Amino acid sequence: MKFETKEAAVFFIDILGMSALTEGSIDLTGIDKKIDTSIYDVEINGEKELSSPNQIIAAWTLNRFREALRNVHSKFDVKVSQLSDCAFIWSESSSELLMASSKLMWDLTFSGVLCRGGLSYGEVIIPNNDKESFGSFILGDAVTRAAKHEARGKGCRVFSDADAIHHFHEDFPGKVNSTVVSTKIYNDIFSPITNPLDFSIVDEFKWYLFHDLKGITTNATEINHGRLAMYMSGLVSTLRHSPYFAWNSLNKHGLIQLAGSIEAISTDIAVHTGHEDAKLSAEYSMVGLEKVNRSHDIVKRHFYQYNVNALTKGAHETLKERLENEVVKVLEAG
């Protein structure tokens, strides 16, 4: 078999907690008392009963993961290789890869699958004349670095390195007619973070700052901060109260991942609002996540309350209502 090398952008994505779930190390006894388990529309040997809830939930999660991968594969010029509970997505177009990665993270989080990712750019090795765009395989330095970056933090976040981010600037999809706006989008969405343990620098691709990264590629010269903040509020409400994240909250590592996700997203709502009232610290979330009530209706109720308390100071009521209704439709679809 013959191979060739290419320069490509690579995204590695992994479902958090799946190994613990399938191995049975997460005790799901009584989960049917916490949530309506009929949300998991899965049959194993013709049975829907949660006699083996770990495997039922794992099967549902993997199926939804694959559906989301197929969706971005159909919408963007990318190739996809799923490896059970993780996947590599890559493209010779950095712009297409970034838009696909952003949409995948939004879709999976709203639909109840907690994932983390790593981004890189560089040499990849692929089979010669490979006609497969879904299911082909890939290796190379960029692949190794993307997988390594994925593990560099907590929560449903995407990590990268300075070299890759510098390259992404050349083909960044968030460029609009205003140079000032384009620069702000880029500087906001790619952000260096200092690791408090060893003071090393970790670069993050903050996918959650812009709900529709592809939609930014318009002639717009202004950012609708209110709309973007409300979508981020929808993410926070989903992570706190979606019944699909109940199993994540039933073990320490899952709680840490949920709390880390909520803190990162709620903190950066300030990018769009200019104030920090929306921040929910990881310590605060850890106390309540295991015990909070979870249902789709509660997600919506929390979303409305959270907006009133943290997001909509000074907002025009008509605009606020229209934007809230837009986001609620997305929450209901999840």
Side-chain angles (χ1 to χ4, degrees), residues 11-17 98 101-119 149-161 165 174 184-211 213 225 228-242 244-245 248-249 252-289 292 299 302-303 306-307 309-311 327 334:
F11 179 53
F12 174 71
I13 184 169
D14 182 50
I15 303 176
L16 294 169
L98 288 174
S101 303
S102 175
K103 179 166 179 56
L104 187 59
M105 293 298 294
W106 275 98
D107 288 353
L108 285 168
T109 307
F110 268 145
S111 64
V113 182
L114 195 67
C115 294
R116 187 174 60 203
L119 271 175
H149 293 332
E150 180 268 331
R152 298 181 74 185
K154 300 296 183 184
C156 56
R157 301 159 75 184
V158 176
F159 301 100
S160 188
D161 61 72
I165 288 174
K184 176 170 175 52
I185 293 172
Y186 177 83
N187 289 338
D188 284 341
I189 205 167
F190 291 112
S191 178
I193 303 169
T194 301
N195 186 329
L197 297 179
D198 60 8
F199 301 103
S200 62
I201 301 298
V202 178
D203 293 280
E204 183 179 1
F205 171 55
K206 296 187 176 181
W207 60 270
Y208 44 82
L209 279 175
F210 296 91
H211 171 247
L213 189 57
H225 289 289
L228 294 171
M230 284 193 183
Y231 270 101
M232 293 177 72
S233 172
L235 284 175
V236 171
S237 298
T238 299
L239 289 162
R240 280 185 60 82
H241 293 286
S242 171
Y244 291 122
F245 294 125
N248 301 87
S249 70
K252 181 180 178 180
H253 294 297
L255 278 174
I256 291 172
Q257 300 292 2
L258 284 172
S261 303
I262 291 168
E263 179 175 279
I265 296 170
S266 65
T267 298
D268 273 3
I269 287 175
V271 170
H272 298 302
T273 63
H275 56 81
E276 299 180 355
D277 295 8
K279 180 178 178 178
L280 300 174
S281 70
E283 291 80 6
Y284 170 82
S285 295
M286 286 286 289
V287 173
L289 277 173
V292 297
V299 169
H302 181 270
F303 170 71
Y306 189 46
N307 283 341
N309 294 334
L311 301 180
V327 179

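Source: prediction; values computed, not measured.
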For Lys154 and Phe159, which heavy atoms make the closest approach, and how far apart are they? N-CZ, 4.3 Å
Test side-chain contact (heavy atoms from CB on, under 4.5 Å) on Tyr244 and Leu114 and set out the steps. CA-CA 9 Å; Tyr244 291 122; Leu114 195 67; over 6 Å; no
Look at the side chain of Glu150 and the backbone N and O of Phe12, then say whether any donor-acceptor pair between them is shorter than 3.5 Å. no
Can you tell me how far apart CD1 (Ile265) and OH (Tyr208) are? Round to the nearest 0.5 Å. 7.0 Å
Shortest non-hydrogen separation from Met230 to Phe303 and the atoms involved: O-CE1, 3.3 Å
With heavy-atom distances below 4.5 Å as the criterion, would you say the side chains of Ile193 and Ile201 are in contact? no
Got a salt bridge between Asp188 and Lys206, using NZ or NE/NH1/NH2 to carboxylate O under 4.0 Å? no
Worked check of side-chain contact (heavy atoms from CB on, under 4.5 Å) between Leu209 and Met232: CA-CA 7 Å; Leu209 279 175; Met232 293 177 72; 3.9 Å; yes
Between Ser160 and Ile165 (side chain of the first, backbone of the second, donor and acceptor by atom type, cut-off under 3.5 Å), is there such a pair? no
Parallel, tilted or perpendicular: ring planes of His241 versus His302, cut at 30 and 60 degrees: tilted
Indicate yes or no for a side-chain donor-acceptor contact from Trp207 to the backbone of Leu213 under 3.5 Å, with no hydrogens or angles considered. no
Is any side-chain heavy atom of Lys252 closer than 4.5 Å to one of Ile256? yes
Checking Glu263 now: which residues fulfil side-chain hydrogen bond (donor to acceptor under 3.5 Å, both in side chains) with it, not counting sequence neighbours? none
Decide yes or no for Leu119 and Ser101: does some side-chain heavy atom of the first lie under 4.5 Å from some side-chain heavy atom of the second? yes
Checking side-chain contact (heavy atoms from CB on, under 4.5 Å) for the pair Ser285/Leu258: CA distance, chi angles, key distance, verdict? CA-CA 8 Å; Ser285 295; Leu258 284 172; over 6 Å; no
Ring centers of Phe205, Phe190 separated by less than 6.0 Å: yes
Got a second to check how far Gln257's CD is from Leu289's CG, nearest 0.5 Å? 12.0 Å
Between Ser261 and Cys156 (side chain of the first, backbone of the second, donor and acceptor by atom type, cut-off under 3.5 Å), is there such a pair? yes
State, yes or no, whether a side-chain contact exists between Phe245 and Val113 at a heavy-atom distance under 4.5 Å. no
Between Ser233 and Asn307, a side-chain donor and acceptor under 3.5 Å: yes
Any idea how His225 and His272 line up, ring-wise: parallel (<30°), tilted (30 to 60°), or perpendicular (>60°)? tilted
Below 4.5 Å, heavy atoms only, C-beta onward: do Tyr306 and Ile269 meet side chain to side chain? yes
Kindly write out the residues that satisfy side-chain hydrogen bond (donor to acceptor under 3.5 Å, both in side chains) with Lys279, not counting sequence neighbours, or none if the list is empty. none
Please tell me if the side chains of Val158 and Glu204 come closer than 4.5 Å, counting only heavy atoms from C-beta onward. no
OG of Ser266 to CG of Leu239, rounded to nearest 0.5 Å, is 10.0 Å
I'd like to know whether Tyr231 forms a ring pair (Phe, Tyr, Trp, His ring centres under 6.0 Å) with His211, so could you lay out the CA-CA distance, the side-chain angles of the two residues, the decisive distance to 0.1 Å, and finally the verdict. CA-CA 7 Å; Tyr231 270 101; His211 171 247; 3.6 Å; yes
Any idea which heavy atoms bring Gly118 and His149 closest together, and the distance? CA-CB, 4.0 Å
For a quick test of reading the model, state the closest non-hydrogen atom pair linking Val299 to Ser242 and the distance between them. CG2-N, 3.5 Å
When you look at Ile189 and Ser102, which way does the side-chain contact (heavy atoms from CB on, under 4.5 Å) test go after all the steps? CA-CA 11 Å; Ile189 205 167; Ser102 175; 6.0 Å; no
Hey, is the main chain of Ala264 close enough, under 3.5 Å, to the side chain of Thr267 for a donor-acceptor pair? no
